[in-house]
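Order of the sequence lines fixes the chain letters, A, B, ..., with proteins taken first and strands second; residue numbering starts at 1 for each chain. Reckoned from all heavy atoms, side chains included, excluding hydrogens, waters and symmetry mates.
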Amino acid sequence: MSEISKTYEPQSVEDKWYQFWLDGKFFVANEKSAKPAYSIVIPPPNVTGVLTMGHVLNNTIQDILARKARMDGKEVLWLPGTDHAGIATQTVVERTLKKSGEIKHRDDLGRDKFLERVWQWKEKHGGIIIQQLKKLGASCDWTRERFTMDEAYSRCVQKVFVELYKKGLIYRGKRMVNWCPATLTALSDEEVVMKEQRGSLYYFKVQVAESPLTPALSPDGGEGEKRAATPTAVSLSHSEEEGQGEGDTSKFGPITDSKGRIWLTIATTRPETIPGDTAVAVNPKDPRYAKFIGQHVIRPLPAELPREQKLIPIIGDEHVDFEFGTGVLKVTPAHDKADFEIGTRHHLPAIEVIDARGQMNDAAGADLRGLDRFKARKVAAEKLAEFGALEKEEPYTNNIGYSERADVPIEPRLSEQWFLKYPSAEKSRAVVDSGRMKFHPERWAKVYDHWMGGLQDWCISRQLWWGHRIPVWSKSYADRLAAVRDEDEINRLVRNRKDFVVRREPEIKFAEDNDKPCRVFICVAPDGSADSDQSNLIRSIEQLGFTQDPDVLDTWFSSWLWPFATMGWPEQTDTLKKFYPTTDLVTGPDIIFFWVARMIMAGYEFMGEMPFKNVYFTGIIRDKQGRKMSKSLGNSPDPLDLIAKFGADALRFGVMRAAPLGQDILFDEQNVELGRNFCNKLWNACRFRQMQGGEVQGEIDPKLLTSDDKWILLKLDAAIRELNTAFAEYKFSDATATLYRFFWNEYCDWYVEASKSVFFGNDAAQKANSLAVIDFVLSHTLRLFHPFIPFVSEELWHGMGYATDMPENQGGKTIMFAPWPKPLDDEFTNFYGLSASDEKFAESRNNLVVKGRNLRREANLPASKKIRFVFKPVAGQMAASDVEVLKLLLNAETVEVNANFAPGKNVLAVRHELGELFLPLEGLIDVEAERARIKKEIEKYEAEIVKVEQKLANPNFAQKVPPAVLEEHKQRLGEWQNKLAQSRSALAALQN
RNA sequence: GCGCGGUUAGCUCAGCGGUAGAGCACUUGCUUCACACGCAAGGGGUCGCAGGUUCGAACCCUGCACCGCGCACCA
């Protein structure tokens, strides 16, 4: 520290050291190192993203772990990179191009041109978040930075696709998917969030087509039928009075009108899908409706169809809950997941009535055609009302799926997509259940287990352009014979290759199926280079008329390979050998299914081993009011602004202090301010040391240790132990709290203040020894701080000269590799004669100081006024050095030690285990105030004594309590009684 | 509906079987020669409610209430 400024100025320090670390290649991991490995892969942020508070939390923790591991002597790899983030990036680029007026839709550019623009965007913005991480101090090995669309990475994705395709785990199917009408792509179940939505429940009636021929249709003639045929039930209104309360199935039921027609009432939230209904379902056990199974109803929409095309069957299905709604369910296999399943069970046709954009198509009929689905809902209800079929519309709130990203209701839609049956699921589930892989906090293991227990196949294809294009080429043939004509050529092309799969759909049976159309799929892993074998193969199959699937893969289909695809897989690289499985993964619980679970499965499937040993789930950062941080709320501070204002260390420290294990964090700028103040305190404490002059002192002379020296060494020891515990449990907020308490309260407030009695004196040997203690404590403390506040600790490490004291590779060059402090061992404590009684004495003396300061305050004497104290030791002598400390800390003119002091009038007194302290007031005291204070004290002591006495009086207590506890209580009682006696005599003295 | 968190000082949170704690905020006094991004002293809580276990409960058990989250959903 050549120039010693009064306050710490991070701006002038941080960039300098970051560059120094980079230049020194201190972040670079060596896979050939003999040191034990520690590794961590960054959760790759979106390539076009900017740093958020969530990133700050997450990456600070990773940096702390990485830096601590280096100091522990580990070979550390913290592997950074970014994710291509399919939908997010494509949307951003497309929106920007639209805004600039360049295009109206991405089709205007075409796929290749558009992708070119995305790449340009990536080159321009992709570096931003990386630069921001550097600002934060992240010690990633930037020489190994990866991107999920790097060429090598893409090859991994393709290889994985082929392998899973070969195993039959990836398949193509027309299924009900979550369709996003805004982004026009399918989504996985995980990308759908349920949201409450206010709407209406529409009740409408449909006529049973077989009525009014009722008598012939009911062979059994049960209860329900009677009701149906009862003339009193002709009213079409289901008034509320009819029902007998909730769950009363008599509330609804078939109704026969005056013409003998039977009507069923259906409740729905989506009348616009009526044209897509292909059945009406009732529960076969429902007495009201069971007899109608096998009959038909007349579907009211589209209205223009002839009657015979409106007939849809009434089917029986256990899925129908007869307590809910009217007990009659309309079945729309093409637009509802549950209905699709019913449709499959009953071989119902599926009629699509809503198109990809969420608009009604031709099949929806003349009334709805071309309308948006929500508009169509209103129109459909109006139409039903017009026909007299709408019985009522009541307000209704239900949960519906939203596209998480586009924030619009998803449309369940039948669509041909690629699906993955998850591999290695059992092993992946077991590894967490058994505790071999640890989750912190542990409770997430249960969430994980639950999800793993209900795995649904993963829809992996997306109708986007930005991403890994599906490596499958296909060609349709009108009949099998046409396919056979190409077969020889295909076989020739793919002979002796392992990186391909050929499949025909549907499977062809010889002879009889010859005239059915089929498709041939060839799945190839291209390697990207222009004149490779694979490229030739692809060229050849394209010449045969095969075309590549236009879809890309879900972003997470590349992310789930991150822990090994970034390390050179599929080669068995030295990096993989050294650093896989990784040690810790630090991420948010919101991507436990998206990412964590899938990485575990990929790890087992492709590496045969778990990808990480520990997973630390951070909390979610919220604002002061507990709201999630979001751009639209504007409640998300820009971490870079905070760094500019307070410094990166301050931000790190503040966030860590506020982040208890796995709990959400209510973030407030005050946290950062606290961090800033703390760094400044550290700075100034070091500055104080510098101002005492002299070289770094190495040797501590045990003979010259003061009680304060011994105390602070013991406190340092305690702090190291606490920190180690906190690290073992991933409790970073505990760690920062310990650092704060140790450094600010114990070291600065007590030790440094006490040491001034030495520095203001003139015993040179004693001064040198105190400096040696300070240097010992500070050089350890800076190391304890380094993982949390790397910049200021490095600055001070050099500025104080501690670096020069260390071997080159162990702190001599950088604090990054200085060894993590060990708790003091027996040899040390014996040599320096440290014992628990030293600790107790110093604490006791400090307590005496507090009491003395109280006396001064009670007497209303200004802190600056030098006054005389008299100390009457209870036994033996107090060391002169301790008396000096008393004098200094009490800001006393003098502390007179007098074993025979007999206080006269107007002398404030306080009794203490070390002795009595007197403050002669020479007539300045406010007697009344003092009496009031003592009376209050007496009340407190009396209350405490009653509490303890009651415990001791309980006969059970003495019998059942451990002896130590009993003894402690007895002692405590004695202490309170002593204090009480003192206060009483003090009160008496004042009455003189 | 099932599950998971939470409920402790004005605020944010520790404590998880033996004298209720921290930081911030608040009050008072300090331009004390490292630091006003500071120093010193202080006020403030029947630990959500009701039972139970125990010599003893903020802490363990059982219910309940409220807040938050996740999963599954019924039209």
Passing candidate, ring pair (Phe, Tyr, Trp, His ring centres under 6.0 Å) with F617(A), options Y730(A), Y448(A), W444(A), W595(A):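 Considering Y730(A), Y448(A), W444(A), W595(A), a ring pair (Phe, Tyr, Trp, His ring centres under 6.0 Å) with F617(A) is found only for W444(A).
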Which is true for [X] with a 4.0 Å heavy-atom rule: it touches a base, it touches only sugar-phosphate, or it touches nothing?
X       : answer
Y396(A) : sugar-phosphate
C679(A) : nothing
V752(A) : base
K756(A) : base

Contact under 4.0 Å: [X] side-chain N or O vs [N] OP1/OP2:
X       : N      : value
N680(A) : G38(B) : no
N671(A) : C24(B) : no
Y202(A) : A75(B) : no
R676(A) : C37(B) : no
W744(A) : C39(B) : yes
K681(A) : C35(B) : no

Charged tip of R657(A) within 45° of Y740(A) ring normal and under 6.0 Å: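 The answer is yes, since R657(A) meets both limits relative to Y740(A).
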Paired with [N] by Watson-Crick or G-U wobble geometry, both distances under 3.5 Å: which nucleotide is it?
N      : answer
U54(B) : none
A25(B) : none
C33(B) : none
G45(B) : none
G3(B)  : C69(B)

Nearest-nucleotide 5' precedence on RNA chain B, K446(A) against E753(A):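 Result of the comparison: K446(A).
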5' precedence on RNA chain B between K6(A) and T326(A) (nearest-nucleotide basis):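 Of the two residues, K6(A) wins.
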Nucleotide nearest R853(A) when distance is taken to its side chain, options G18(B), A41(B), C39(B):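 Output: A41(B).
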Out of A75(B), C24(B), U19(B), whichever nucleotide has its closest atom nearest the side chain of L674(A):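 Looking only at heavy atoms from C-beta outward on L674(A), the closest nucleotide is C24(B).
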Between S188(A) and E191(A): side-chain donor-acceptor atoms closer than 3.5 Å: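 Yes - a donor-acceptor pair under 3.5 Å links their side chains.
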Nearest-Å distance once atom [atom1] is located in both [N] and [M]:
N      : M      : atom1 : value
C30(B) : G23(B) : P     : 23 Å
G17(B) : C47(B) : C1'   : 15 Å
A9(B)  : G15(B) : C1'   : 14 Å
G70(B) : A25(B) : C1'   : 35 Å
C4(B)  : G42(B) : C1'   : 42 Å

Donor/acceptor link under 3.5 angstrom from R443(A) side chain onto base of C4(B):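 No pair found.
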Interatomic distance, R856(A) CZ vs C39(B) P [rounded to whole Å]: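 Rounding to the nearest Å, CZ of R856(A) and P of C39(B) are 18 Å apart.
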Atom-to-atom span, CG of L952(A) to P of U19(B) - whole angstrom: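 Answer to the nearest Å: 13 Å.
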Near-ring test F788(A)/F678(A), centroid separation under 6.0 angstrom: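 Not close enough - the centres of the two rings lie 6.0 Å or further apart.
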Plane angle bin for H969(A) and F957(A) - parallel if under 30°, tilted between 30 and 60°, otherwise perpendicular: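 Aromatic pair F957(A)/H969(A) classed perpendicular.
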Parallel, tilted or perpendicular: ring planes of Y747(A) versus F742(A), cut at 30 and 60 degrees: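 Ring orientation of Y747(A) relative to F742(A): tilted.
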E442(A) atom CD, over 12 foreign heavy atoms within 6.0 Å: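 No.
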